[in-house]
Asks: 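Below you will find the structure I want to go over with you.
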Amino acid sequence: MSKTKRLSTDFFIREVTVVAPDLLGKTLVRCFDDGTKQRFIITETEAYRGQDDKACHANKGKTARTEVMFRKGGLVYVYLIYGMYWLLNFVTGPENESSAVLIRGIEGISGPGRVGKALKLDKSFYGENLATSPKIWLEDTGLKLNYTTLPRVGINYAGEPWISKPWRFVADPL
DNA sequence: GTAAGGATTGGC
DNA sequence: CCAATCCTTACT
């Protein structure tokens with residue numbers, strides 16, 4: 001028998017700064033339309049912490065684009081950036097907390113834009129429930145990775161103190 | 001309605 | 001360094 005188990009909603013109903021590093025080493029499973037499945041180990045994440053965080057899209061309040069972040073954790077938040085890349089995020093925390101984790105890297109793939117491309121993401125993933133979706137979910141194989149914390153990328157517009165928050169989590173090489 | 005710019009990437 | 005490419009937000 002296997003130790004592998006699908007992560008439930010409870011996993012995501014925690015502080016985003018706890019969930020983000022805890023996702024490192026977890027397996028991201030993507031089931032495509034033709035039934036083929038691909039599995040990727042998560043190697044890099046970033047935490048976006050609710051309305052107070054000026055780097056978080058939810059800081060401007062609830063809009064059509066960000067409303068999913070205000071819902072209960074365990075949902076998928078995807079959005080198109082620069083007209084060409086779908087970035088993958090997992091909503092965390094209880095209802096009305098508007099926090100999310102950006103998946104910046106998976107095994108063999110660096111960069112959030114390339115992650116979305118590898119997983120063939122699109123608008124239809126917006127609001128997917130990771131506990132029940134047939135297309136995308138996470139599994140815990142028991143793997144734990146050591147990691148390093150760094151400042152987040154591409155958010156200079158947010159200003160201090162947000163620029164300096166060590167909310168980027170990168171798994172150490174094996 | 002119109003305009004500016006983005007949690008990026010790859011090419012010059 | 002800068003274009004690609006289109007959606008979201010802010011402002012007239």
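Every value quoted in this text rests on a predicted model; they were computed, and no experiment measured them. Just so we're on the same page: letters track the sequence lines, and every chain starts at 1.
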Asks: Hey, is A:E97 close enough to A:R49 for a salt bridge, meaning N to O under 4.0 Å?
Replies: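 Salt bridge absent between A:E97 and A:R49.
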Asks: Who passes salt bridge (Lys or Arg N to Asp or Glu O under 4.0 Å) against A:D22, sequence neighbours left out?
Replies: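 With sequence neighbours excluded, A:D22 shows a salt bridge (Lys or Arg N to Asp or Glu O under 4.0 Å) to A:R14, A:K26, given in chain and number order.
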Asks: Are the side chains of A:Q51 and A:K60 in touch, meaning some heavy atoms are under 4.5 Å apart?
Replies: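 They are not in contact (no side-chain heavy atoms under 4.5 Å apart), so the answer is no.
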Asks: Counting any heavy atom closer than 4.0 Å, what does A:R152 reach on the DNA or RNA strands: base, sugar-phosphate only, or nothing?
Replies: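 Counting heavy atoms under 4.0 Å across all strands, no contact is made by A:R152.
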Asks: Taking A:R65 for its side chain and A:A58 for its backbone only, find out whether a donor-acceptor pair lies under 3.5 Å.
Replies: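 Judged by distance alone, no pair lies under 3.5 Å.
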Asks: Can you sort out which residues in residues 109-119 of chain A have a heavy atom within less than 4.0 Å of DNA chain B? Ascending by number, please.
Replies: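 By residue number: A:G111, A:P112, A:G113, A:R114.
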Asks: Under the 6.0 Å and 45° cation-pi test, does A:R152 pair with A:Y48?
Replies: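 Verdict for A:Y48: a cation-pi partner in A:R152.
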Asks: Between A:K62 and A:E67, does any NZ, NE, NH1 or NH2 come within less than 4.0 Å of an OD or OE carboxylate oxygen?
Replies: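 A:K62 and A:E67: not salt-bridged.
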Asks: Any stems for DNA chain C, made of 3 or more Watson-Crick or G-U pairs in a row, each with both distances under 3.5 Å?
Replies: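 Stem list for DNA chain C: B:1-6 with C:6-11, B:8-11 with C:1-4.
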Asks: Write down the protein N/O and nucleotide N/O pairs, taken from nucleotides 9-12 of chain C, whose separation is under 3.5 Å; answer none if there are no such pairs.
Replies:
residue: C:dT9; atom: OP1; partner: A:T63; partner atom: OG1; Å: 2.4

Asks: Hey, is the main chain of A:T63 close enough, under 3.5 Å, to the side chain of A:T66 for a donor-acceptor pair?
Replies: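 Present.
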Asks: Do any N or O atoms of the protein come closer than 3.5 Å to N or O atoms of nucleotides 3-7 of chain C, and which pairs are they?
Replies:
residue: C:dT5; atom: O2; partner: A:Y82; partner atom: O; Å: 2.3

Asks: Of all heavy-atom pairs between A:A47 and A:F169, which one has the smallest distance, and what is that distance?
Replies: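 The answer is CB-CE1, 4.2 Å.
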Asks: In whole angstrom, give me the gap between the P atoms of B:dT2 and C:dT5.
Replies: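 Here B:dT2 and C:dT5 have their P atoms 23 Å from each other.
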Asks: Membership question, hydrophobic clusters at under 4.5 Å side-chain separation (ILVMFWY): are A:I103 and A:V19 in the same one?
Replies: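 Result: yes, single cluster for both.
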Asks: For a 4.0 angstrom threshold against heavy atoms of chain A, report the outermost contacting nucleotides of DNA chain B in 5' to 3' order.
Replies: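 Using the under 4.0 Å cut-off, the span is B:dG6 to B:dG10.
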Asks: Can you establish whether the number of heavy atoms outside A:D172 located under 6.0 Å from its atom CG is more than 12?
Replies: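 Enclosed: over 12 neighbouring heavy atoms sit under 6.0 Å from CG of A:D172.
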Asks: Quick check on the hydrophobic clustering: are A:Y126 and A:M84 connected, directly or via other members, by side-chain heavy-atom contacts under 4.5 Å?
Replies: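 Both belong to a single hydrophobic cluster.
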Asks: Looking at A:F40, I'd like to know if the NZ or CZ of A:R30 sits under 6.0 Å from its six-membered ring centre while staying within 45 degrees of the ring's axis.
Replies: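 Verdict for A:F40: no cation-pi partner in A:R30.
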Asks: Are any of the side-chain nitrogens in A:R168 or A:E44 under 4.0 Å away from the carboxylate oxygens of its partner?
Replies: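 Result for this pair is yes, salt bridge flagged.
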Asks: A cation-pi test, strictly: NZ or CZ of A:K135 under 6.0 Å from the centre of the six-membered ring of A:F32 and no more than 45 degrees from its axis. Yes or no?
Replies: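 Because its charged atom misses either the 6.0 Å distance or the 45° angle limit, A:K135 does not stack over A:F32.
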Asks: In whole angstrom, give the distance that lies between atom CD of A:E67 and atom P of C:dT8.
Replies: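 Value for this atom pair: 12 Å.
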Asks: Tell me whether A:L80 shares a hydrophobic cluster with A:L102, the cluster being built from Ile, Leu, Val, Met, Phe, Trp, Tyr side chains joined at under 4.5 Å.
Replies: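 Hydrophobic grouping puts A:L80 with A:L102.
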